[in-house]
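Reading through the structure tokens given below for one structure.
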Amino acid sequence: MIIKTFKFSALRRMGLLLLLFFLLALSAACGGGGAASSSTAAFTHTGSFTGAKVTCGDGVFTLTLQNGSLSCEELAGTPQDTDALESFAAGCEAIGGQVVDGAKITDEEYGLVTPAAHAELEYTEGVVLTLSIGNAAPGGGYYFSVQGQNIVYLGSAPVFAQFLLGPGQFAKSAVTAFNFAPGTAHHPAKITFTIKGETVVLEHLATPATDGYGNIYNYCLPSHGGAYVSDEAYNAYFAECTAMLAAGKTGEPPQGFDPQDPFCTITIENGTEKQTLFIGAPSPAGTSYVAKAGDTAVYIVEEKYLAFLNATAGSLATPFILAPAMETVTNITVITPGSGAFYVIDIYDGSGIVDGAPLAQPTFAGLYRLLCSLQAQAAVAGEVENTNEGSVSLAFHFTDGTATTAKLVPVDGGFYAIFINDVFTGSAVREAFCEKLLFTLEQITNGQIIDPTW
């Protein structure tokens with residue numbers, strides 16, 4: 001009996017000693033007698049984030065949630081970075097920090113007397129959490145306090161650093177930006193891009209050019225015979241390239257992207273401004289990594305800004321293959337060797353004569369537009385024999401003594417292959433062009449209004 005009681009008393013005393021040792025160790029760990037340090041006591045707040053108003057050294061920003069989308073009111077009208085907004089919201093939905101034992105809000109070392117930032121965070125059901133953010137802690141993180149509490153907390157750096165940045169953190173990064181004159185079209189003077197071994201140069205014309213059909217052009221391709229580029233083609237491929245925004249960026253080139261060996265290089269010039277980009281191959285999601293000359297960052301750019309990655313000289317050049325301005329032409333001959341038809345069209349003072357019969361200006365204007373409406377409408381694979389059988393030829397003779405002949409040779413599918421000066425262009429026009437042209441020349445009368453469409 002005595003032995004049993006002794007054993008119990010000894011175990012009890014040992015337990016009390018162990019408990020006392022643990023409490024002393026905990027007290028020391030919590031900084032009971034020395035400099036303030038964070039303890040195991042903590043503050044946490046969770047909830048569904050709905051908005052915020054933050055005041056900091058970089059300005060004020062207000063975030064609101066509407067129709068499930070978060071936006072910054074101060075950036076209204078400016079493209080906003082959805083990822084940055086969502087990251088901010090995620091951080092606010094799990095706000096927390098450790099108690100800094102022995103610390104007082106009035107202690108200047110914590111920066112809470114005059115906070116670096118003040119944040120009012122809103123959650124569902126009208127819950128509002130008000131925070132003051134102070135100095136960065138020597139070991140990482142930021143000191144903060146909660147309204148209504150006289151406690152200093154230490155929060156993680158990624159979450160609390162967001163409160164110290166202004167609204168600019170939510171604006172998409174500009175990859176390209178040019179100072180165009182107010183009220184003018186955003187047309188750079190020159191664009192040069194290389195992709196898949198082909199270099200294409202676009203140059204902005206000093207004055208718009210008008211072809212024989214009436215199309216107006218602002219760009220040409222000096223790299224490919226000076227062919228005109230329609231505004232429709234330019235806008236389809238390059239409308240967004242002078243105001244390119246990044247969806248994100250990294251500090252180092254990601255694996256698989258080498259700015260020294262890019263998928264595409266593009267240089268955009270406007271006056272004294274010049275920007276060169278090195279672009280990686282599009283990802284399955286359509287985005288590409290983009291490096292910029294003179295910038296160490298690597299940007300992530302959405303496909304809507306990179307439509308030119310699908311551009312070629314062929315897709316940019318106007319489909320109107322032979323449409324010279326009327327004042328550059330002296331006469332045109334139309335020949336159909338198979339039927340023996342032969343038409344001579346002489347031009348003078350904006351009007352003309354067809355096989356000796358004068359035509360009034362309105363009639364001749366329609367005829368000339370029809371003659372100039374030849375277009376490359378389809379690609380033809382393989383070789384095409386340059387034969388006279390069933391062919392139609394249009395020869396434009398110019399004021400400088402030169403001539404250009406378009407020979408149209410029938411191929412399968414209701415098309416005519418197009419040869420220019422006996423060189424196959426690889427393209428074809430619908431047979432409707434030949435039918436409309438030959439019918440009009442055969443039936444034309446002075447005073448007739450000719451519709452150049454077909």
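Values reported hereafter were calculated over all heavy atoms of this structure, with side chains retained and with hydrogens, waters and symmetry mates removed.
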Check whether any side-chain heavy atom of Trp454 lies under 4.5 Å from a side-chain heavy atom of Val429, and answer yes or no. yes
Does the side chain of Tyr299 reach to within under 4.5 Å of the side chain of Ser173, using non-hydrogen atoms? yes
Exam field: side chain Thr287 to backbone Glu302, donor-acceptor pair closer than 3.5 Å: no
Counting only heavy atoms not in Phe170, do more than 12 fall under 6.0 Å of its CZ? yes
Enumerate the ring-ring contact (aromatic ring centres under 6.0 Å, His included) contacts for residues 181-206, please, sequence neighbours excluded, ordered by first and then second residue. Phe180-His186, His187-His204, His187-Tyr219, His187-Tyr234, Phe193-Phe238, His204-Tyr219
Decide side chain to side chain contact (heavy atoms under 4.5 Å, CB included) for Thr399 and Val329; before the verdict, give the C-alpha distance in whole Å, the side-chain angles of both, and the deciding distance to 0.1 Å. CA-CA 6 Å; Thr399 55; Val329 181; over 6 Å; no
Is any side-chain heavy atom of Glu269 closer than 4.5 Å to a side-chain heavy atom of Ile191? no
Please confirm whether the ring centroid of Tyr416 lies under 6.0 Å from the ring centroid of Phe433. no
Spacing of CZ belonging to Phe396 relative to OG1 belonging to Thr404, to within rounding of 0.5 Å: 9.0 Å
Of all heavy-atom pairs linking Gly141 and Leu154, the shortest is C-CD1, 4.0 Å
Any donor and acceptor pair, going by atom type alone, linking the side chain of Lys407 with main-chain N or O of Asn421 inside 3.5 Å? no
Looking at every heavy atom in both Ser288 and Gly280, which two are closest together, and how far apart are they? OG-O, 3.2 Å
Evaluate the side-chain proximity of Leu129 to Leu131: yes if any heavy-atom separation is below 4.5 Å, no if none is. yes
Minimal heavy-atom distance between Asn135 and Gly111, with the atoms involved, is ND2-N, 3.3 Å
Any donor-acceptor N/O pair, Gln377 side chain to Ala428 backbone, under 3.5 Å: no
Beyond-backbone contact of Val175 with Leu245, side-chain heavy atoms, under 4.5 angstrom: no
Under 3.5 Å side-chain donor-acceptor pair for Ser69 and Asn67: no
Within the supplied structure, the quantity of interest is the number of heavy atoms (other residues, nucleotides, ligands) at a distance under 6.0 Å from Glu108 CD; does it exceed 12? no
Flag for Thr62-Glu74: side-chain donor and acceptor within less than 3.5 Å: yes
Before giving the answer on side chain to side chain contact (heavy atoms under 4.5 Å, CB included), spell out for Phe320 and Cys372 the whole-Å C-alpha distance, their side-chain angles and the decisive distance to 0.1 Å. CA-CA 7 Å; Phe320 289 81; Cys372 291; 6.0 Å; no
Might you point out which heavy atoms bring Cys220 and Pro222 nearest each other, and give the distance in Å? O-CD, 3.3 Å
With a 4.5 Å heavy-atom cut-off, do Tyr237 and Ser315 have their side chains touching? yes
Does Glu93 use its side chain to pair, donor to acceptor, with the backbone of Ala90 at less than 3.5 Å? no
Please say whether more than 12 non-hydrogen atoms of neighbouring residues, nucleotides or ligands are located less than 6.0 Å from CG in Asp412. no
Roughly how far, to the nearest 0.5 Å, is CG of Leu63 from SG of Cys92? 8.0 Å
Is the backbone of Leu221 close enough, under 3.5 Å, to the side chain of Glu203 for a donor and an acceptor to pair up by distance? no
Using the rule given for ring-ring contact (aromatic ring centres under 6.0 Å, His included), can you reason through Tyr110 versus Tyr143, listing the C-alpha separation, both sets of side-chain angles and the distance that settles it, and then say yes or no? CA-CA 6 Å; Tyr110 304 111; Tyr143 298 116; 4.7 Å; yes
Gap separating the CG atom of Leu322 from the CD atom of Gln375, nearest 0.5 angstrom: 12.5 Å
Please tell me if the side chains of Val128 and Tyr123 come closer than 4.5 Å, counting only heavy atoms from C-beta onward. no
If we ignore hydrogens and angles and just use 3.5 Å, is the side chain of Asp211 paired with the main-chain N or O of Gly214 as donor and acceptor? yes
Taking atom NZ as the centre, does Lys436 end up with more than 12 heavy-atom neighbours from other residues, nucleotides or ligands that are less than 6.0 angstrom away? yes
Just how far is it from atom CZ of Phe43 to atom OG of Ser145, taken to the nearest 0.5 Å? 10.5 Å
Are the side chain of Gln80 and the backbone N or O of Ser71 linked by a donor-acceptor pair below 3.5 Å? no
Shortest non-hydrogen contact from Tyr305 toward Met244: CB-CG, 3.6 Å
Residues Thr318 and Tyr217: side-chain donor-acceptor under 3.5 angstrom: yes
Step by step, work out the side chain to side chain contact (heavy atoms under 4.5 Å, CB included) result for Leu394 and Leu408. CA-CA 8 Å; Leu394 294 78; Leu408 312 177; 4.2 Å; yes
Walk me through whether Ile347 and Ile332 qualify under side chain to side chain contact (heavy atoms under 4.5 Å, CB included). CA-CA 8 Å; Ile347 300 173; Ile332 305 166; 4.3 Å; yes
Rounded distance [0.5 Å steps], SG in Cys434 versus CG in Leu374: 8.0 Å
Identify the heavy atoms of Val113 and Thr106 that sit nearest to each other, and give their distance. CG2-O, 3.5 Å
Tell me yes or no: between the side chains of Asp231 and Asn235, is some donor less than 3.5 Å from an acceptor? no
Are Phe163 and Phe88 an aromatic pair by the rule of ring centers under 6.0 Å? yes
Determine whether a donor-acceptor pair (N or O, by modelled atom type, separation under 3.5 Å) exists between the side chain of Thr50 and the backbone of Glu122. yes
Is the backbone of Val200 close enough, under 3.5 Å, to the side chain of Ser223 for a donor and an acceptor to pair up by distance? no
Do the side chain of Thr176 and the main chain of Cys241 share a donor and acceptor less than 3.5 angstrom apart? yes
Is the closest side-chain heavy-atom distance between Phe263 and Lys196 below 4.5 Å? yes
Distance (rounded to the nearest 0.5 Å) between Leu85 CG and Ser87 OG: 9.5 Å
Is a donor from one side chain sitting under 3.5 angstrom from an acceptor on the other, for Thr267 and Thr276? yes
